[in-house]
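Presented below is the structure to which this report refers.
Each ligand, and each atom within it, is numbered from 1 in the order the structure gives.
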Amino acid sequence: MEKKTLTIPYEEYSSIEELPSEDRALLEAAIDAMKGSYAPYSHFNVGAAVRLEDGTVVKGANQENAAYPSGLCAERTAMFAASSQYPKVPMEALAVVCARDGSLMINPGSPCGACRQVMSQYERLSRKPLRIILGSGGPILVFTGVESLMPFMFNDL
Ligand code: THU
C-alpha cells in the first residue's frame with residue numbers, strides 16, 4: 001500500500017477587476033444571468049454563463065419547482081441550453097455566481113456534484129479543458145479543467 005496525495009491547481013483573484021478580460025466578461029454575463037433565476041423556495045439565486053469556442057455566450061439561471069427535484073441548477077441550465085442550441089460548438093469556459101435574496105455571496109459559487117458530472121461530459125466532447133470561473137462578491141477562483149473540481153470523475157466515452 002502506498003499513501004498518495006492529490007494537489008489541486010487553481011488561481012485565486014481578489015476581485016473581478018483583477019481577472020483577465022475574457023474571464024471578467026464571462027463572470028459579468030453570469031451575474032446578468034441571475035436576473036433569470038426562479039428561486040421562490042430557496043431564495044438562493046445562481047447565474048451561469050458558458051463561453052463557446054466561437055465566442056458565443058449562453059446564459060442560464062437556477063429554476064425551482066414546487067415539486068423540488070424537478071428544478072435545475074444554473075450550470076446545467078446553461079450547459080444544456082448551449083449544447084441544445086450549438087451542438088457542434090465546443091465549450092471553452094463556464095462562470096458561476098450566486099446571491100442570497102439579491103445580495104452576492106462572499107464565497108464563490110461552487111457547483112454541485114451533478115453539475116460537475118455534466119461539465120466533465122461536455123469537456124470530453126469539446127476535446128479541450130473547460131475553464132471554470134467561480135466567483136460572487138469576494139475572491140474568484142479559476143480552475144483549468146474539470147479534473148481539478150472532480151478528481152477520479154466517471155466517464156464512459
Ligand atoms: N444551485 C445551483 O443553481 N447550482 C449549484 O451548483 C448548486 C445549487 C441552486 C439549486 C437551487 O435552486 C438553489 O441553488 C438552492 O440549492
Just to confirm my output: which protein heavy-atom neighbour is closest to [atom], and how far is it?
atom                    : result
atom 1 (N) of ligand 1  : Cys73 SG, 3.6 Å
atom 9 (C) of ligand 1  : Asn62 ND2, 3.7 Å
atom 14 (O) of ligand 1 : Phe44 CD2, 3.4 Å

Is the side chain of [X] donor-acceptor paired with the backbone N or O of [Y] at a distance under 3.5 Å, no angle test?
X      : Y      : value
Gln117 : Phe154 : yes
Asn62  : Val46  : yes
Glu123 : Leu130 : yes
Arg116 : Pro111 : yes
Gln63  : Ala61  : yes
Glu64  : Tyr41  : yes

Open item on the list: Cys112 versus ligand 1: do any nitrogen or oxygen atoms come within less than 3.5 Å of each other?
Closed with: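 Yes, since at least one N or O of Cys112 sits under 3.5 Å from an N or O of ligand 1.
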
- [ ] Could you tell me whether Ala74 and ligand 1 have an N or O pair separated by under 3.5 Å?
- [x]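 Min N/O separation from ligand 1 is below 3.5 Å for Ala74.
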
Open item on the list: I'd like to check atom 16 (O) of ligand 1 in this structure: does the protein have a heavy atom lying under 4.0 Å from it?
Closed with: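 When distances to the protein are checked, atom 16 (O) of ligand 1 has no heavy atom within 4.0 Å.
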
Task: N-O pairing of Arg131 and Glu22 below 4.0 Å - done: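 Looking at Glu22 together with Arg131, the answer is no, because their closest N to O distance does not fall below 4.0 Å.
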
TODO: Measure the distances from the heavy atoms of Ala39 to every atom of ligand 1 and state whether one is below 4.0 angstrom.
DONE: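 Under 4.0 Å: no for Ala39.
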
- [ ] Answer with side chain, backbone, both or neither: which part of Ser42 has a heavy atom less than 4.0 angstrom from an atom of ligand 1?
- [x]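 The part of Ser42 near ligand 1 is the side chain, not the backbone.
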
Open item on the list: Looking at non-hydrogen atoms alone, which of Glu75, Arg116, Glu64 comes nearest to atom 6 (O) of ligand 1?
Closed with: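 The option holding the nearest heavy atom is Glu75.
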
Task: Those atoms of ligand 1 less than 4.0 Å from some heavy atom in Pro111 - done: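 With Pro111 as reference, the close atoms of ligand 1 come out as 6 (O).
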
